[in-house]
Chemist: 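Questions regarding the structure given below will be posed in turn.
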Amino acid sequence: MSIMRSTLIALSKNRALQDLIVRIPISRKMARRFVPGETLADAIAVVKQLNSQGILASLDHLGENVAGEAEAVAAADEYLVALDALNAAGAECNVSVKLTQMGLDLGDDFCLANVSRIVARAAELGNFVRVDMEGSPYTERTIGIYRRLRATYGNAGLVIQAYLHRSQGDVEALIADGMGHFRLCKGAYDEPETIAYRERSRVTQALNELARTCLSPEGRAQGAYAAIASHDTEVINFVRAYAYQHDIPPAAYEFQMLYGIRRELQTDLVQRGHRMRVYVPYGTHWYPYFMRRLAERPANLLFFLRALVGN
Ligand SMILES: Cc1cc2nc3c(=O)[nH]c(=O)nc-3n(C[C@H](O)[C@H](O)[C@H](O)COP(=O)(O)OP(=O)(O)OC[C@H]3O[C@@H](n4cnc5c(N)ncnc54)[C@H](O)[C@@H]3O)c2cc1C
């Protein structure tokens, strides 16, 4: 992982910089590439537009590491409103939640109770909740809460980060316990080499191995389902080839990408008969999400810095 990437991820947690960046009109404008709007109505309009192109969506109300219980409860309430609005709009869209937004820093039981309200409402509406994965201090507890959620509800899935050494074992254990509904991604945080692969090629290889574990006859026989969340053609081509060689129907897996990234590839995969879901974040707390997107691609940072200087 480059020093620049580590620095940007560290800066994504810097409150003073956040206060500065969110006030600059040019950064708001650039964030729009990745965060299509600040309101639920903005986000649903984007979801409907994606749906009209045959693309599914997952809605994320931006926010992480809330400071107190009232904020966590309000964040979950916003998801309840969003689920009802998606239902009323007839949108093909589930929701993604971050447990630190649901109060993970305030205790596991509190967080579980809060996120359960969302999963319960989604179940009533025939919808689904994806639990996003955050930095490694939260991995074990996130998996623990996911397991407790799945003990009651079938309509929840978990994100797995391929860069973590532990992930292959986590995936195998969860599949064995009938809880293998995953979004598989490379991982967006800055993790030490004691626990994570840091070379791009090794992370790609790990992601392909996780996809193979889920898509294998043994994995599917145990109910595993994989959403392959990557814009990397090496990963996408690996999955497509594996599915083709093993006669795996497109309904048995899906591809996922982030709003604003590789749009042509999104529509191309839909035209080839694949299921494609786009992650649509919305809200005013876009700063950490935006910084992680800058960290993923040096060209984004250069573009942003040029815009700032030229401003
Ligand atoms: C639907 C979805 C949900 C995710 N949820 C999580 C999560 O819960 N937890 C987590 O840690 N991570 C999450 N991620 C982020 C993920 O871990 C990676 O950081 C991110 O997807 C970049 O990795 P990549 O597989 O696309 O490969 P990369 O090798 O990073 O990128 C491959 C190519 O995609 C394009 N690309 C990638 N990123 C960008 C960008 N920011 N701007 C412009 N072009 C870009 C470039 O052309 C690049 O060459 C999610 C990703 C997706 C798609």
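Counting starts at 1 for both ligands and their atoms, following the listed order.
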Chemist: Counting only nitrogen or oxygen atoms and a 3.5 angstrom limit, does Q161 reach ligand 1?
Modeler: yes

Chemist: Locate the shortest heavy-atom distance separating N300 from R293; write the atom from each residue and the value.
Modeler: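 Closest pair (atom of N300, atom of R293, distance): ND2-O, 3.2 Å.
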
Chemist: Please test E64 against R292 for salt bridge (charged side-chain N to carboxylate O under 4.0 Å, His left out), starting from the C-alpha separation and ending with a verdict.
Modeler: CA-CA 13 Å; E64 36 203 274; R292 289 196 291 275; 3.2 Å; yes

Chemist: Considering the options V46, L59, I44, L62, which one meets the side-chain contact (heavy atoms from CB on, under 4.5 Å) requirement together with Y282?
Modeler: L59

Chemist: Hey, could you give me the CE/CG distance between M30 and L301, rounded to the nearest 0.5 Å?
Modeler: 8.0 Å

Chemist: Can you confirm whether something in the protein, heavy atoms only, sits under 4.0 Å from atom 30 (O) of ligand 1?
Modeler: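 No, no protein heavy atom sits under 4.0 Å from atom 30 (O) of ligand 1.
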
Chemist: Is R262 in polar range of ligand 1, meaning some N or O pair under 3.5 Å apart?
Modeler: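 No: no nitrogen or oxygen of R262 is under 3.5 Å from one in ligand 1.
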
Chemist: Checking contacts now, so for atom 49 (O) of ligand 1, which I'm interested in, is there any protein heavy atom under 4.0 Å?
Modeler: no

Chemist: Please indicate whether any nitrogen or oxygen in N300 is less than 3.5 Å from any nitrogen or oxygen in ligand 1.
Modeler: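 For ligand 1, there is an N or O atom that lies under 3.5 Å from one belonging to N300.
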
Chemist: Could you tell me whether M133 and ligand 1 have an N or O pair separated by under 3.5 Å?
Modeler: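 N/O-N/O distance below 3.5 Å exists for this pair.
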
Chemist: Quick one: does Y279 get an N or O within less than 3.5 Å of an N or O on ligand 1?
Modeler: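 No, Y279 has no N/O under 3.5 Å of an N/O on ligand 1.
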
Chemist: Hey, does the side chain of Q101 reach the backbone of H61 with a donor-acceptor pair shorter than 3.5 angstrom?
Modeler: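 Judged by distance alone, yes, a pair lies under 3.5 Å.
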
Chemist: Just distances here: any N/O of E296 and N/O of ligand 1 closer than 3.5 Å?
Modeler: yes

